[in-house]
Amino acid sequence: MAHRHAIDFDPREKKYVLAEFPYPSGSGLHIGHAFTFTGADVYARFQRMLGKNVLFPIGWDAFGLPTENYAIKTGRKPQDVTAENTATFQAQMQRLGLSFDYERIVNTTDPSYYKWTQLIFIKLFEKGLAYKQEMPINWCPSCKVGLANEEVVNGNCERCGSPTTRRRISQWVVRITEYADRLIDGLDQTDFIEKVKAAQVNWIGRSEGARVKFKLVGLDEELEIFTTRPDTLWGSTFMVLAPEHHLVQEYCLNHPEVNEYVEVSRAKSDMERMEISYEKTGVYSGLSAINPATGEVIPVWISDFVLLTYGTGAIMSVPGHDQRDWDFATRFGLEIRPIIQPSSGWDYDRAAYTEHEGVMINSGPINGMPVKEAIPAAISWLGEMGIGEATVSYHLRDWIFSRQHYWGEPIPMIFCESCGWQPVSEADLPIKLPEVEQYEPTDTGESPLANIEEWVDTTCPKCGQPARRETDTMPNWAGSDWYFLRFTDPFNPNALADMEKLSYWMPVDVYIGGDEHNTLHLLYSRFIYQFLHDLGAVPDHIPEPYYRRMSHGVILGPDNQRMSKSHGNVIVPDDIILEYGTDVTRAYIMFMGPFDATMAWNERALLGVKRFLERFEKLVDTQAGTRQETSAAIKTLIHKAVDKVSKDLPNFKFNTAVAKLMETLNGINDNGGSVHPDDLRMLVQAIAPLAPFFAEEAWQKLGGKGSVHASDWPQVDPELLKDDTVEISVQVNGKLRGTVTIARDADQAAAEAEARAVESVNKYLQEGTIRKVIYIPAKTISFVVK
RNA sequence: GCCGGAGUGGCGGAAUUGGCAGACGCGCACGACUCAAAAUCGUGUACCUUCGGGUAUGUGGGUUCAAUUCCCACCUUCGGCACCA
């Protein structure tokens, strides 16, 4: 099954086809992997036959908790376990006929690879984009590890499902928010499907508004808030601080009830905060502020519905025009003051009026303006008065980058008592993971590396005094942030990849992956790429790493449920291959449905594909020795099939490509089943990306030269695609009344004459006079009769 | 609540610059081969019908000679986000 491998700098057009590299788990390749990789493989094989220089690499994203947990349980080295698992994965991939560039395999746990992951971190630190901060983080008590917001799902740990709690831990944090706008704008230069773009934009959550300063009564402090509705400032009757806000810490904790409220909310896990979601709680802080628009003194409250991590951690409350503020005001008996007159009446006893329609009332300089004009007018007014300005806020948070685990990249930082945090000098990279006895994380929240004194103790790279290494490791995403760059130059010891090779291969032309990565891996890796772009480490003319993004679907069990061991509905690709062979397995999973759909496994349907390949083989065997001229009808069928497959494969429409091949085989048999080997070989080439082993064998039987996979994709004769005659529909008053077969290029008069001659048509034409005839050549003729 | 998809036979699904709805496969029925079964091959298979025809692509409207396709309103469902000011 020879195929052409990727060749650096080849003059042919390049095509970089990438499927998300897998985590090599102990349970081996599952059917979802088989589905995704087969789709990618069909695409890659097709591109090779088109004469492209295809880069189709694979590697191992091998750092991670399952391997570490396995090591904890069995006492075996994660390195050894990983080596075994990757060997199993590769063997299974080859059994599936996946034509990866296996000689370019990279492994994120290989020190010669993570050397560069570590260097990227150092660069982030040097550019001020990585900082260490003690902060409350999501903590999984079961995994004993800190989690990024992205790794907490409905208050539970994404990996083990345990409810998470909060802990204050000193963490490395990466300033991804610095790139928020670019991560949105850069999407314009990609061809991602709408759903992926929307997910990313949504996740970043950009909102435009204003910051406004409120004076505090009796204090030499100002309280700054963020709002998207500066027009409603005149209706703000109170303010609310997050419990963790510094003003609460500084001025309010001497009140016992405040103290208690702050303690209670601090102890709440995210899960508990969710459960009480719309039941507002709060306490009066004891502070008062002055509404800068009305000059009125308004109370400052504390509530945990205000989040410290968004905006400024404090809000102005406008209960007339914000539902959450309305809920809070209603609960605690605070004033609700309408300052927008809706075009029809509004009952403020029932809810806040939040529409952007209506006219401002009781609002000083913006009085009488429609809401949409009032927003910018309010911002200008704030500027003139020197109390506020337009600004932008994001839902995206900075990226917590520390993990208290063994099986990850050591963060290459050193703490010196006199110099503070210093990066390891580049010459000392990689900082290798030392061998340890115990892989368990510690209850204190430190990684097991902290127990290895001879590794931890080092000297400061700046002053040479004794210093200590960082013992946290990087999150899983670190290794996968840039792996697509390494594939262009996998073994380069001097750079993460050679600039010329990057220029040749990048960007990734098609990136195939799961929707679960649309807001995590995909965003993180775009961020790291943009950062590297700013450093000049990747080609200047390539601003985004991925051009096109394809989502792959999901295969459910035969019972329409997600496959899981507990359901007992798991389909193992190895079993299917053993029973039906690689070609049937591949062709079936491609035939199941659209590439991005969710589909249930159906063994009976698989048998249909098996029959098809058997019938195809029978045809090849009977025709291999013959030299009979192929009939024009069959020749046309074959050319039409190749034409359809040529259009479907580049669009990942594998299901209809297989269907067309089935239809064509049926058509050939219906037309006598006699095909010259030269013509049949075209059909064999068309199925080659889908059923590579079958095609190779058939190709040999039919006298093909070399490997079918190295052959040039067959040329379609456009003359053969056009039929001389076409069957067109005949409509009378919009209803189908018959069909006629006419010459393809028949003019209207000829078509009309043929149509009138049809009895079932003529009958209806007699019912009135013809007012109009619409003729669409080769499609339809339509009579309007009155 | 916000954002993004999707609703077509018994089932998976085809068909989009608007032009014969249901390709292909499964299932089912009947037939051939067989002592029989399996496998294989062949034929049929949206629904209703007074056999003229009529009705059908989530629901209700609209545009058009013509709508699964375009427009408006709604329903259901899947995925993402969600006390984000």
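Since the model is a prediction, treat every value here as computed from it, not as a measurement. Atom set for the values below is all heavy atoms of this structure, side chains included, hydrogens, waters and symmetry mates excluded. Chain letters run A, B, ... following the sequence lines, proteins first and then strands; every chain starts at 1.
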Worksheet item: Taking atom P of B/G54 as reference, at what distance in whole Å does atom OH of A/Y764 sit?
Response: 5 Å
Respond yes when some side-chain nitrogen or oxygen of [X] is under 4.0 Å from OP1 or OP2 of [N], and no when none is.
X      : N     : value
A/R611 : B/C41 : no
A/N655 : B/A14 : yes
A/K763 : B/G53 : yes
A/R737 : B/G54 : yes
A/T656 : B/C24 : no
A/K653 : B/A15 : yes
A/K195 : B/C81 : no
A/N669 : B/C41 : no

Determine whether any donor atom in the side chain of [X] lies under 3.5 Å from an acceptor atom in the base of [N], or the reverse, and answer yes or no.
X      : N     : value
A/S729 : B/C20 : no
A/K779 : B/C20 : no
A/Q731 : B/C20 : no

Worksheet item: Does A/W326 have its ring centroid less than 6.0 Å away from the ring centroid of A/Y348?
Response: no
Worksheet item: Under the salt bridge (Lys or Arg N to Asp or Glu O under 4.0 Å) criterion, do A/E614 and A/K610 qualify, and how do the steps go?
Response: CA-CA 6 Å; A/E614 284 168 353; A/K610 178 169 176 267; 3.4 Å; yes
Discussion item. Can you tell whether the side chains of A/R549 and A/E194 come within less than 4.0 Å, N to carboxylate O?
Written reply: no
Counting only Watson-Crick pairs (N1-N3 plus N6-O4 or O6-N4) and G-U wobbles (N1-O2, O6-N3), all under 3.5 Å, who is the partner of [N]?
N     : result
B/U55 : B/A46
B/U77 : B/G5
B/U34 : none
B/C65 : B/G19

Worksheet entry | Check against side chain to side chain contact (heavy atoms under 4.5 Å, CB included), A/F226 and A/I315 | CA-CA 6 Å; A/F226 172 76; A/I315 61 165; over 6 Å; no
Practice prompt. Between A/V658 and A/T312, name the one whose nearest nucleotide on RNA chain B is closer to the 5' end.
Written response: A/V658
Worksheet item: Between A/I728 and A/D322, which has a closest nucleotide on RNA chain B that is more 5'?
Response: A/I728
Worksheet item: If you draw a 6.0 Å radius around NZ in A/K197, do more than 12 non-hydrogen atoms from other residues or ligands fall strictly inside?
Response: yes
Worksheet item: What integer number of Å spans the P atoms of B/C26 and B/U43?
Response: 14 Å
